[in-house]
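Only one structure is covered here, and it is reproduced in the block below.
As the structure is a prediction and not an experimental result, all values here were calculated from the model. Numbers restart at 1 for each chain; the letters A, B, ... are given by sequence-line order, proteins then strands.
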Amino acid sequence: MESNPPPSHTPRAIAISALLALLIVGLTGCAMPSRSSHKSSSIVQFLYPTDDRPLVEPQIPTLRLPLRVGLAFAPSAGHGARGFNQNFPEARKQELLEDVAAQFRSLAVVDNIQVIPTTYLRPGGGFENLDQLKSLMGVDVIALIAYDQAQASIDDEASIIYWTIIGSYIFPTRKNETHTLMEAVVYDINSRSLLFRAPGVSSVEDRNTLMGSADELRKDSAHSFIAAADDLSTNLKTELDRFQIRLREKPEAAHIEHRPGYTGAGSLEGWFGAGLLLLGLARWVRPTS
Amino acid sequence: MTRRPSVFVFGILPILLAALPQGHDALLFDRTAILGGEFWRLWTGHWIHVSPSHLFWNVGGLSFTGAWLEARHPGLLLRYTALAAPLISIGLLVLEPNMITYGGLSGLGTGIVVLLGITLCRRPGFDRTIGVGTLFLLAARLLPDLIQDTALLSHFDLPAVQASTTAHLLGTLLAVIGNFAGLKPCFAGPISEDQFDKSGNPQSRHPL
(Lines give C-alpha, C1' and ligand atoms only; values in the text may rest on other atoms or scores of the structure.)
Protein backbone atom coordinates (compact mmCIF):
# COMPACT_ATOMS: atom_id res chain seq x y z
CA MET A 1 0.00 0.00 0.00
CA GLU A 2 1.28 3.25 -1.04
CA SER A 3 0.57 6.12 1.08
CA ASN A 4 0.73 9.76 -0.07
CA PRO A 5 3.26 11.81 1.72
CA PRO A 6 1.73 14.53 3.80
CA PRO A 7 1.67 17.85 1.94
CA SER A 8 4.70 19.89 2.73
CA HIS A 9 3.90 23.23 4.48
CA THR A 10 7.47 24.35 4.41
CA PRO A 11 7.30 26.89 1.52
CA ARG A 12 4.09 28.38 2.88
CA ALA A 13 5.45 28.59 6.38
CA ILE A 14 8.58 30.24 5.10
CA ALA A 15 6.52 32.72 3.13
CA ILE A 16 4.34 33.61 6.12
CA SER A 17 7.34 33.91 8.38
CA ALA A 18 9.05 36.18 5.89
CA LEU A 19 5.95 38.36 5.57
CA LEU A 20 5.64 38.66 9.33
CA ALA A 21 9.29 39.49 9.65
CA LEU A 22 8.96 42.16 6.96
CA LEU A 23 5.92 43.61 8.67
CA ILE A 24 7.69 43.71 12.00
CA VAL A 25 10.75 45.30 10.53
CA GLY A 26 8.64 47.72 8.55
CA LEU A 27 6.54 48.76 11.50
CA THR A 28 9.53 49.06 13.73
CA GLY A 29 11.13 51.23 11.13
CA CYS A 30 8.10 53.50 11.11
CA ALA A 31 8.25 54.01 14.83
CA MET A 32 10.84 56.75 15.28
CA PRO A 33 12.95 56.37 18.35
CA SER A 34 12.85 59.02 21.04
CA ARG A 35 15.01 61.94 20.05
CA SER A 36 16.42 65.19 21.38
CA SER A 37 17.94 68.33 19.96
CA HIS A 38 19.84 71.27 21.35
CA LYS A 39 20.40 74.78 20.03
CA SER A 40 22.43 77.41 21.81
CA SER A 41 24.61 80.44 21.69
CA SER A 42 26.87 80.92 24.63
CA ILE A 43 28.21 84.03 26.28
CA VAL A 44 31.06 82.03 27.76
CA GLN A 45 31.99 80.59 24.37
CA PHE A 46 31.96 84.06 22.92
CA LEU A 47 33.91 85.79 25.67
CA TYR A 48 36.22 82.95 26.66
CA PRO A 49 36.59 80.83 23.52
CA THR A 50 39.75 78.94 24.48
CA ASP A 51 40.50 77.07 27.64
CA ASP A 52 44.13 78.09 27.71
CA ARG A 53 43.37 81.78 27.71
CA PRO A 54 43.87 83.30 31.12
CA LEU A 55 40.70 84.54 32.68
CA VAL A 56 40.14 88.24 32.38
CA GLU A 57 40.45 89.99 35.72
CA PRO A 58 37.41 92.22 36.12
CA GLN A 59 37.97 95.63 37.66
CA ILE A 60 35.62 98.05 39.37
CA PRO A 61 33.80 99.64 36.45
CA THR A 62 33.91 103.35 35.81
CA LEU A 63 30.60 104.36 34.31
CA ARG A 64 30.72 107.64 32.49
CA LEU A 65 27.21 108.98 32.38
CA PRO A 66 25.20 109.14 30.27
CA LEU A 67 26.03 105.63 29.06
CA ARG A 68 26.19 104.54 25.43
CA VAL A 69 24.93 101.00 25.18
CA GLY A 70 25.27 98.40 22.43
CA LEU A 71 22.81 95.53 22.10
CA ALA A 72 23.41 92.32 20.17
CA PHE A 73 22.69 88.62 20.02
CA ALA A 74 25.73 86.61 21.04
CA PRO A 75 26.98 84.76 17.96
CA SER A 76 26.17 81.09 17.84
CA ALA A 77 28.92 78.53 17.67
CA GLY A 78 27.27 77.32 14.48
CA HIS A 79 25.53 74.04 15.06
CA GLY A 80 22.28 75.49 16.33
CA ALA A 81 22.11 78.75 14.50
CA ARG A 82 20.04 77.52 11.62
CA GLY A 83 17.40 76.01 13.87
CA PHE A 84 17.33 79.14 15.96
CA ASN A 85 16.90 81.39 12.96
CA GLN A 86 14.15 79.21 11.56
CA ASN A 87 12.21 78.82 14.77
CA PHE A 88 12.65 82.26 16.24
CA PRO A 89 11.12 84.52 13.61
CA GLU A 90 13.24 87.46 12.53
CA ALA A 91 10.37 89.83 13.26
CA ARG A 92 10.13 88.57 16.83
CA LYS A 93 13.87 88.83 17.19
CA GLN A 94 13.72 92.48 16.18
CA GLU A 95 10.80 92.96 18.57
CA LEU A 96 12.86 91.50 21.39
CA LEU A 97 15.80 93.76 20.59
CA GLU A 98 13.46 96.76 20.43
CA ASP A 99 11.87 95.78 23.76
CA VAL A 100 15.25 95.53 25.39
CA ALA A 101 16.43 98.75 23.75
CA ALA A 102 13.31 100.60 24.93
CA GLN A 103 13.93 99.48 28.49
CA PHE A 104 17.47 100.78 28.36
CA ARG A 105 16.32 104.03 26.79
CA SER A 106 13.95 104.62 29.70
CA LEU A 107 16.93 104.85 32.04
CA ALA A 108 18.09 108.30 32.95
CA VAL A 109 21.69 107.14 32.76
CA VAL A 110 21.54 105.96 29.15
CA ASP A 111 22.29 108.39 26.36
CA ASN A 112 21.72 106.13 23.39
CA ILE A 113 21.47 102.46 22.59
CA GLN A 114 22.54 100.89 19.34
CA VAL A 115 21.37 97.57 18.02
CA ILE A 116 24.48 95.88 16.69
CA PRO A 117 24.11 93.42 13.81
CA THR A 118 25.30 89.93 14.65
CA THR A 119 27.72 90.16 11.74
CA TYR A 120 29.81 92.55 13.80
CA LEU A 121 30.47 89.81 16.33
CA ARG A 122 32.75 86.89 15.59
CA PRO A 123 32.12 83.51 17.21
CA GLY A 124 34.68 83.34 20.01
CA GLY A 125 35.62 86.97 19.42
CA GLY A 126 35.98 87.64 23.14
CA PHE A 127 36.64 90.98 24.72
CA GLU A 128 38.95 91.91 21.84
CA ASN A 129 35.87 91.86 19.62
CA LEU A 130 34.03 94.03 22.14
CA ASP A 131 36.96 96.47 22.20
CA GLN A 132 36.63 96.75 18.43
CA LEU A 133 32.92 97.48 18.80
CA LYS A 134 33.71 100.12 21.39
CA SER A 135 36.00 101.90 18.94
CA LEU A 136 33.81 101.30 15.93
CA MET A 137 30.42 102.17 17.37
CA GLY A 138 31.33 104.22 20.41
CA VAL A 139 29.61 102.06 22.99
CA ASP A 140 30.75 101.78 26.61
CA VAL A 141 28.48 99.00 27.73
CA ILE A 142 27.30 95.97 25.79
CA ALA A 143 24.17 93.93 26.39
CA LEU A 144 24.54 90.46 24.88
CA ILE A 145 21.58 88.17 24.45
CA ALA A 146 22.21 84.43 24.40
CA TYR A 147 19.89 81.46 24.24
CA ASP A 148 19.86 77.77 24.99
CA GLN A 149 17.06 75.52 23.83
CA ALA A 150 16.76 71.81 24.42
CA GLN A 151 14.01 69.65 22.96
CA ALA A 152 13.17 66.05 23.73
CA SER A 153 10.57 63.81 22.21
CA ILE A 154 9.68 60.70 24.21
CA ASP A 155 7.29 57.85 23.47
CA ASP A 156 5.26 56.58 26.39
CA GLU A 157 4.03 53.01 27.01
CA ALA A 158 0.97 53.54 24.87
CA SER A 159 3.14 54.06 21.83
CA ILE A 160 2.85 50.34 21.11
CA ILE A 161 -0.27 51.45 19.28
CA TYR A 162 2.05 52.72 16.55
CA TRP A 163 2.39 49.12 15.48
CA THR A 164 -1.02 49.37 13.97
CA ILE A 165 0.31 52.02 11.56
CA ILE A 166 -2.94 53.94 11.65
CA GLY A 167 -2.35 54.47 15.35
CA SER A 168 0.68 56.56 14.58
CA TYR A 169 -1.59 59.06 12.83
CA ILE A 170 -4.34 59.15 15.43
CA PHE A 171 -3.10 58.58 18.97
CA PRO A 172 -1.05 61.32 20.65
CA THR A 173 1.26 59.12 22.61
CA ARG A 174 4.43 61.06 21.92
CA LYS A 175 5.43 63.60 24.55
CA ASN A 176 7.39 66.68 23.42
CA GLU A 177 9.29 68.84 25.84
CA THR A 178 10.93 72.13 24.92
CA HIS A 179 12.97 74.11 27.44
CA THR A 180 14.39 77.50 26.53
CA LEU A 181 16.65 79.78 28.49
CA MET A 182 17.40 83.25 27.16
CA GLU A 183 19.77 85.50 28.96
CA ALA A 184 20.81 89.11 28.67
CA VAL A 185 24.17 89.91 30.19
CA VAL A 186 25.42 93.46 30.41
CA TYR A 187 29.16 94.10 30.47
CA ASP A 188 31.18 97.23 30.93
CA ILE A 189 33.67 96.81 28.10
CA ASN A 190 36.55 98.78 29.59
CA SER A 191 36.65 97.02 32.93
CA ARG A 192 35.43 93.62 31.61
CA SER A 193 32.95 93.65 34.48
CA LEU A 194 29.56 92.03 34.46
CA LEU A 195 27.15 94.77 35.50
CA PHE A 196 24.06 92.59 35.70
CA ARG A 197 22.19 89.80 33.99
CA ALA A 198 18.57 88.93 33.38
CA PRO A 199 17.17 85.52 32.48
CA GLY A 200 14.10 84.52 30.53
CA VAL A 201 12.84 80.95 30.70
CA SER A 202 10.11 78.96 29.07
CA SER A 203 8.98 75.34 29.14
CA VAL A 204 6.54 73.96 26.63
CA GLU A 205 5.13 70.44 26.88
CA ASP A 206 2.59 68.78 24.69
CA ARG A 207 1.55 65.43 23.27
CA ASN A 208 1.05 64.60 19.67
CA THR A 209 0.98 61.78 17.21
CA LEU A 210 4.04 60.15 15.87
CA MET A 211 3.46 61.53 12.41
CA GLY A 212 2.79 65.10 13.56
CA SER A 213 5.71 65.16 15.95
CA ALA A 214 8.29 66.95 13.80
CA ASP A 215 5.96 69.81 12.92
CA GLU A 216 4.89 70.19 16.52
CA LEU A 217 8.48 70.32 17.68
CA ARG A 218 9.18 73.19 15.29
CA LYS A 219 6.10 75.06 16.53
CA ASP A 220 7.01 74.40 20.16
CA SER A 221 10.50 75.69 19.50
CA ALA A 222 9.18 78.96 18.09
CA HIS A 223 6.60 79.38 20.87
CA SER A 224 9.17 78.67 23.52
CA PHE A 225 11.61 81.23 22.10
CA ILE A 226 8.87 83.84 22.07
CA ALA A 227 7.73 83.03 25.63
CA ALA A 228 11.31 83.11 26.89
CA ALA A 229 11.86 86.45 25.15
CA ASP A 230 8.77 87.88 26.87
CA ASP A 231 10.01 86.59 30.21
CA LEU A 232 13.42 88.07 29.51
CA SER A 233 11.86 91.48 28.81
CA THR A 234 9.99 91.41 32.11
CA ASN A 235 12.99 90.29 34.12
CA LEU A 236 15.27 92.78 32.43
CA LYS A 237 13.12 95.66 33.63
CA THR A 238 13.39 94.37 37.20
CA GLU A 239 17.14 93.88 36.92
CA LEU A 240 17.64 97.36 35.47
CA ASP A 241 15.78 98.85 38.42
CA ARG A 242 17.85 96.74 40.83
CA PHE A 243 21.03 97.82 39.08
CA GLN A 244 20.19 101.48 39.61
CA ILE A 245 19.32 100.86 43.24
CA ARG A 246 22.62 98.98 43.65
CA LEU A 247 24.53 101.91 42.20
CA ARG A 248 22.87 104.18 44.74
CA GLU A 249 23.22 101.89 47.73
CA LYS A 250 26.67 100.49 47.00
CA PRO A 251 28.69 103.30 45.51
CA GLU A 252 31.80 101.12 45.82
CA ALA A 253 30.36 98.79 43.18
CA ALA A 254 31.13 101.25 40.41
CA HIS A 255 32.79 104.59 39.93
CA ILE A 256 30.33 106.99 38.40
CA GLU A 257 31.36 110.17 36.69
CA HIS A 258 30.07 112.63 34.17
CA ARG A 259 31.10 112.28 30.56
CA PRO A 260 33.07 115.38 29.50
CA GLY A 261 30.91 117.88 27.71
CA TYR A 262 27.70 117.15 29.54
CA THR A 263 24.86 119.59 30.21
CA GLY A 264 24.11 120.20 33.85
CA ALA A 265 20.73 121.16 35.19
CA GLY A 266 19.47 122.00 38.62
CA SER A 267 16.03 120.83 39.53
CA LEU A 268 13.93 120.94 42.65
CA GLU A 269 12.39 117.49 42.63
CA GLY A 270 8.69 116.81 42.90
CA TRP A 271 8.73 115.41 46.42
CA PHE A 272 10.76 118.36 47.63
CA GLY A 273 8.34 120.83 46.07
CA ALA A 274 5.43 118.91 47.57
CA GLY A 275 7.11 119.01 50.99
CA LEU A 276 7.53 122.77 50.77
CA LEU A 277 3.93 123.13 49.72
CA LEU A 278 2.79 121.08 52.73
CA LEU A 279 4.82 123.25 55.08
CA GLY A 280 3.29 126.33 53.47
CA LEU A 281 -0.18 124.87 53.84
CA ALA A 282 0.49 124.07 57.47
CA ARG A 283 1.52 127.67 58.05
CA TRP A 284 -1.52 128.94 56.16
CA VAL A 285 -3.95 126.76 58.08
CA ARG A 286 -2.46 127.90 61.36
CA PRO A 287 -1.57 131.55 60.68
CA THR A 288 -1.03 132.70 64.26
CA SER A 289 1.41 131.30 66.76
CA MET B 1 2.66 144.09 46.05
CA THR B 2 5.69 142.63 47.73
CA ARG B 3 5.07 139.29 46.11
CA ARG B 4 5.31 140.62 42.57
CA PRO B 5 9.09 140.43 42.16
CA SER B 6 9.21 136.74 42.96
CA VAL B 7 6.25 135.95 40.74
CA PHE B 8 7.86 137.80 37.85
CA VAL B 9 11.44 136.67 38.40
CA PHE B 10 10.74 133.02 39.17
CA GLY B 11 7.36 132.56 37.54
CA ILE B 12 6.69 134.69 34.48
CA LEU B 13 10.26 135.25 33.26
CA PRO B 14 11.33 131.58 32.99
CA ILE B 15 8.03 130.68 31.33
CA LEU B 16 8.46 133.51 28.81
CA LEU B 17 11.98 132.33 28.05
CA ALA B 18 10.78 128.75 27.68
CA ALA B 19 8.30 130.00 25.09
CA LEU B 20 11.13 131.61 23.15
CA PRO B 21 13.60 128.78 22.61
CA GLN B 22 15.37 130.65 19.82
CA GLY B 23 16.85 132.90 22.48
CA HIS B 24 18.32 130.10 24.54
CA ASP B 25 21.57 129.96 22.60
CA ALA B 26 22.34 133.51 23.57
CA LEU B 27 21.37 133.16 27.22
CA LEU B 28 22.38 129.66 28.33
CA PHE B 29 25.34 129.12 30.64
CA ASP B 30 27.92 128.08 28.08
CA ARG B 31 31.45 127.62 29.33
CA THR B 32 33.11 128.51 26.04
CA ALA B 33 30.96 131.59 25.46
CA ILE B 34 31.43 132.86 29.02
CA LEU B 35 35.17 132.44 28.83
CA GLY B 36 34.94 134.24 25.48
CA GLY B 37 33.52 137.30 27.22
CA GLU B 38 29.74 136.78 27.21
CA PHE B 39 29.45 137.43 30.92
CA TRP B 40 25.68 138.03 30.97
CA ARG B 41 25.33 134.31 30.73
CA LEU B 42 26.52 134.08 34.34
CA TRP B 43 23.10 135.50 35.27
CA THR B 44 20.82 134.50 32.44
CA GLY B 45 21.77 130.80 32.32
CA HIS B 46 19.77 130.09 35.45
CA TRP B 47 16.51 131.07 33.76
CA ILE B 48 16.87 128.61 30.90
CA HIS B 49 15.29 125.20 31.46
CA VAL B 50 15.92 122.01 29.55
CA SER B 51 12.47 120.45 29.65
CA PRO B 52 8.86 121.22 30.64
CA SER B 53 9.05 119.17 33.86
CA HIS B 54 12.33 120.86 34.77
CA LEU B 55 10.61 124.22 34.28
CA PHE B 56 7.46 123.15 36.13
CA TRP B 57 9.14 122.06 39.36
CA ASN B 58 11.55 124.96 39.50
CA VAL B 59 8.95 127.60 38.72
CA GLY B 60 6.35 126.05 41.01
CA GLY B 61 8.73 125.66 43.93
CA LEU B 62 10.43 129.03 43.59
CA SER B 63 7.35 131.15 42.93
CA PHE B 64 5.94 129.78 46.15
CA THR B 65 9.02 129.98 48.38
CA GLY B 66 10.12 133.25 46.77
CA ALA B 67 6.75 134.85 47.50
CA TRP B 68 6.92 133.58 51.07
CA LEU B 69 10.40 135.00 51.59
CA GLU B 70 9.39 138.29 49.97
CA ALA B 71 6.42 138.53 52.31
CA ARG B 72 8.70 138.16 55.29
CA HIS B 73 11.62 140.26 54.05
CA PRO B 74 10.97 142.38 51.01
CA GLY B 75 14.06 142.88 48.90
CA LEU B 76 16.07 139.98 50.26
CA LEU B 77 15.06 137.70 47.43
CA LEU B 78 16.20 140.02 44.67
CA ARG B 79 19.45 140.89 46.39
CA TYR B 80 20.31 137.28 46.93
CA THR B 81 19.35 136.42 43.34
CA ALA B 82 21.41 139.23 41.83
CA LEU B 83 24.50 138.27 43.82
CA ALA B 84 24.22 134.51 43.93
CA ALA B 85 23.42 133.92 40.26
CA PRO B 86 26.87 134.90 38.93
CA LEU B 87 28.65 133.38 41.92
CA ILE B 88 26.99 130.00 41.36
CA SER B 89 27.94 130.21 37.68
CA ILE B 90 31.54 131.05 38.50
CA GLY B 91 31.58 128.17 40.97
CA LEU B 92 30.38 125.83 38.25
CA LEU B 93 33.05 127.10 35.87
CA VAL B 94 35.72 126.29 38.44
CA LEU B 95 34.37 123.12 40.04
CA GLU B 96 32.74 121.38 37.07
CA PRO B 97 35.25 121.52 34.23
CA ASN B 98 33.43 118.79 32.32
CA MET B 99 30.16 120.69 32.34
CA ILE B 100 29.83 122.60 29.10
CA THR B 101 26.34 124.00 29.53
CA TYR B 102 24.03 124.51 32.48
CA GLY B 103 20.47 125.61 32.98
CA GLY B 104 17.92 125.79 35.75
CA LEU B 105 16.88 127.86 38.74
CA SER B 106 17.34 125.27 41.41
CA GLY B 107 20.86 126.37 42.37
CA LEU B 108 19.36 129.71 43.29
CA GLY B 109 16.28 127.94 44.57
CA THR B 110 18.07 125.92 47.23
CA GLY B 111 19.64 129.13 48.51
CA ILE B 112 16.24 130.79 48.70
CA VAL B 113 14.85 127.83 50.62
CA VAL B 114 17.80 128.12 53.04
CA LEU B 115 17.10 131.82 53.53
CA LEU B 116 13.40 131.14 54.05
CA GLY B 117 14.17 128.37 56.55
CA ILE B 118 16.55 130.58 58.52
CA THR B 119 14.09 133.47 58.42
CA LEU B 120 11.29 131.33 59.77
CA CYS B 121 13.54 129.78 62.39
CA ARG B 122 14.16 133.21 63.82
CA ARG B 123 10.47 133.85 64.25
CA PRO B 124 8.61 132.76 67.33
CA GLY B 125 6.08 130.00 67.71
CA PHE B 126 4.80 127.92 64.85
CA ASP B 127 6.90 129.79 62.28
CA ARG B 128 10.00 128.39 63.89
CA THR B 129 8.63 124.86 63.64
CA ILE B 130 7.96 125.44 59.96
CA GLY B 131 11.45 126.91 59.52
CA VAL B 132 13.07 123.88 61.14
CA GLY B 133 10.92 121.61 58.97
CA THR B 134 12.01 123.51 55.86
CA LEU B 135 15.69 123.14 56.71
CA PHE B 136 15.25 119.43 57.48
CA LEU B 137 13.46 118.96 54.19
CA LEU B 138 16.30 120.65 52.37
CA ALA B 139 18.83 118.51 54.20
CA ALA B 140 16.91 115.40 53.13
CA ARG B 141 17.05 116.69 49.56
CA LEU B 142 20.76 117.48 49.53
CA LEU B 143 22.45 114.95 51.81
CA PRO B 144 21.90 111.84 49.66
CA ASP B 145 23.37 113.71 46.69
CA LEU B 146 26.31 114.74 48.81
CA ILE B 147 26.98 111.34 50.33
CA GLN B 148 26.14 108.98 47.50
CA ASP B 149 26.22 111.24 44.48
CA THR B 150 22.72 110.06 43.64
CA ALA B 151 22.13 113.16 41.55
CA LEU B 152 24.11 111.41 38.84
CA LEU B 153 21.26 108.95 38.56
CA SER B 154 18.48 111.51 38.69
CA HIS B 155 16.00 111.46 35.90
CA PHE B 156 15.74 114.22 33.37
CA ASP B 157 13.66 114.18 30.24
CA LEU B 158 16.82 114.40 28.19
CA PRO B 159 19.37 111.70 28.96
CA ALA B 160 22.33 113.88 28.02
CA VAL B 161 21.36 116.26 30.81
CA GLN B 162 22.69 115.45 34.25
CA ALA B 163 21.59 116.88 37.57
CA SER B 164 24.15 119.18 39.11
CA THR B 165 24.66 118.67 42.81
CA THR B 166 27.36 121.33 42.75
CA ALA B 167 24.86 124.04 41.79
CA HIS B 168 22.62 123.08 44.73
CA LEU B 169 25.50 123.06 47.15
CA LEU B 170 26.80 126.39 45.89
CA GLY B 171 23.33 127.93 46.25
CA THR B 172 23.09 126.64 49.81
CA LEU B 173 26.60 127.75 50.70
CA LEU B 174 26.05 131.24 49.31
CA ALA B 175 22.81 131.62 51.27
CA VAL B 176 24.54 130.59 54.50
CA ILE B 177 27.51 132.86 53.82
CA GLY B 178 25.17 135.67 52.82
CA ASN B 179 23.23 135.17 56.01
CA PHE B 180 26.32 135.54 58.15
CA ALA B 181 27.90 138.23 56.00
CA GLY B 182 25.01 140.63 56.13
CA LEU B 183 22.22 139.40 53.90
CA LYS B 184 19.78 139.82 56.78
CA PRO B 185 18.09 138.25 58.57
CA CYS B 186 20.98 136.49 60.19
CA PHE B 187 21.01 133.48 62.43
CA ALA B 188 21.74 135.58 65.47
CA GLY B 189 19.20 134.03 67.72
CA PRO B 190 15.43 134.27 67.93
CA ILE B 191 13.65 137.56 67.75
CA SER B 192 11.15 138.41 70.42
CA GLU B 193 7.50 139.06 69.60
CA ASP B 194 7.77 142.82 70.11
CA GLN B 195 10.31 143.07 67.32
CA PHE B 196 7.64 142.25 64.72
CA ASP B 197 5.21 144.72 63.23
CA LYS B 198 1.52 144.06 62.69
CA SER B 199 2.09 142.25 59.44
CA GLY B 200 4.55 139.89 61.08
CA ASN B 201 7.74 141.41 59.63
CA PRO B 202 10.72 142.23 61.81
CA GLN B 203 10.86 145.92 62.76
CA SER B 204 14.43 146.29 63.72
CA ARG B 205 16.11 144.38 60.93
CA HIS B 206 16.39 145.36 57.31
CA PRO B 207 17.52 143.15 54.49
CA LEU B 208 20.93 144.29 53.35
Side-chain angles (χ1 to χ4, degrees), chain A residues 62-69 101-102 104-113 240-289, chain B residues 29 46 49-51 53-54 57-58 60-62 64-65 68 88 92 96-110 113 120 123-130 133-134 137-138 140-141 144 147-150 152-156 158-164 166-168 171 193:
Chain A
T62 298
L63 302 176
R64 296 186 130 191
L65 306 184
L67 293 173
R68 294 178 299 200
V69 181
F104 274 98
R105 273 191 207 103
S106 70
L107 294 181
V109 296
V110 172
D111 183 8
N112 67 52
I113 180 156
L240 280 168
D241 290 342
R242 280 186 190 158
F243 172 63
Q244 291 196 97
I245 292 169
R246 208 161 51 238
L247 287 181
R248 285 192 172 97
E249 292 179 349
K250 292 185 177 176
E252 71 277 7
H255 301 305
I256 301 175
E257 58 186 44
H258 288 299
R259 183 182 300 285
Y262 77 102
T263 294
S267 176
L268 298 176
E269 289 178 9
W271 68 266
F272 181 68
L276 285 175
L277 192 65
L278 281 177
L279 288 169
L281 276 174
R283 183 65 189 86
W284 183 69
V285 168
R286 193 178 157 184
T288 53
S289 301
Chain B
F29 171 102
H46 297 274
H49 290 82
V50 297
S51 71
S53 67
H54 186 209
W57 289 117
N58 280 354
L62 286 182
F64 173 66
T65 50
W68 198 349
I88 291 172
L92 291 175
E96 294 281 0
N98 287 335
M99 185 195 285
I100 300 301
T101 50
Y102 171 81
L105 278 167
S106 72
L108 285 170
T110 47
V113 173
L120 293 175
R123 296 171 65 82
F126 191 56
D127 266 356
R128 185 174 301 157
T129 309
I130 296 289
T134 303
L137 190 68
L138 185 68
R141 169 71 183 83
I147 296 166
Q148 299 179 348
D149 218 2
T150 48
L152 283 165
L153 303 170
S154 296
H155 193 278
F156 270 96
L158 304 171
V161 179
Q162 303 288 300
S164 173
T166 309
H168 296 160
E193 284 285 358

**Message:** Run W68(B) and L276(A) through side-chain contact (heavy atoms from CB on, under 4.5 Å) and show every step you take.
**Reply:** CA-CA 11 Å; W68(B) 198 349; L276(A) 285 175; over 6 Å; no
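The shortest heavy-atom contact between I130(B) and A282(A) is CD1-CB, 3.9 Å.
When heavy atoms are compared at a cutoff of 4.5 Å, L138(B) approaches chain A by way of both its backbone and its side chain. Looking at L277(A), the atoms closer than 4.5 Å to chain B (heavy atoms on both sides) sit in the backbone and in the side chain alike. Proximity to chain A (any heavy atom under 4.5 Å) is shown, for T134(B), by both the backbone and the side chain.
Of the inter-residue distances, the one linking L279(A) atom CG with T129(B) atom OG1 reads 10.5 Å to the nearest 0.5 angstrom.
Across G61(B), G103(B), A140(B), A167(B), the residue that shares the most heavy-atom pairs under 4.5 angstrom with chain A is G103(B).
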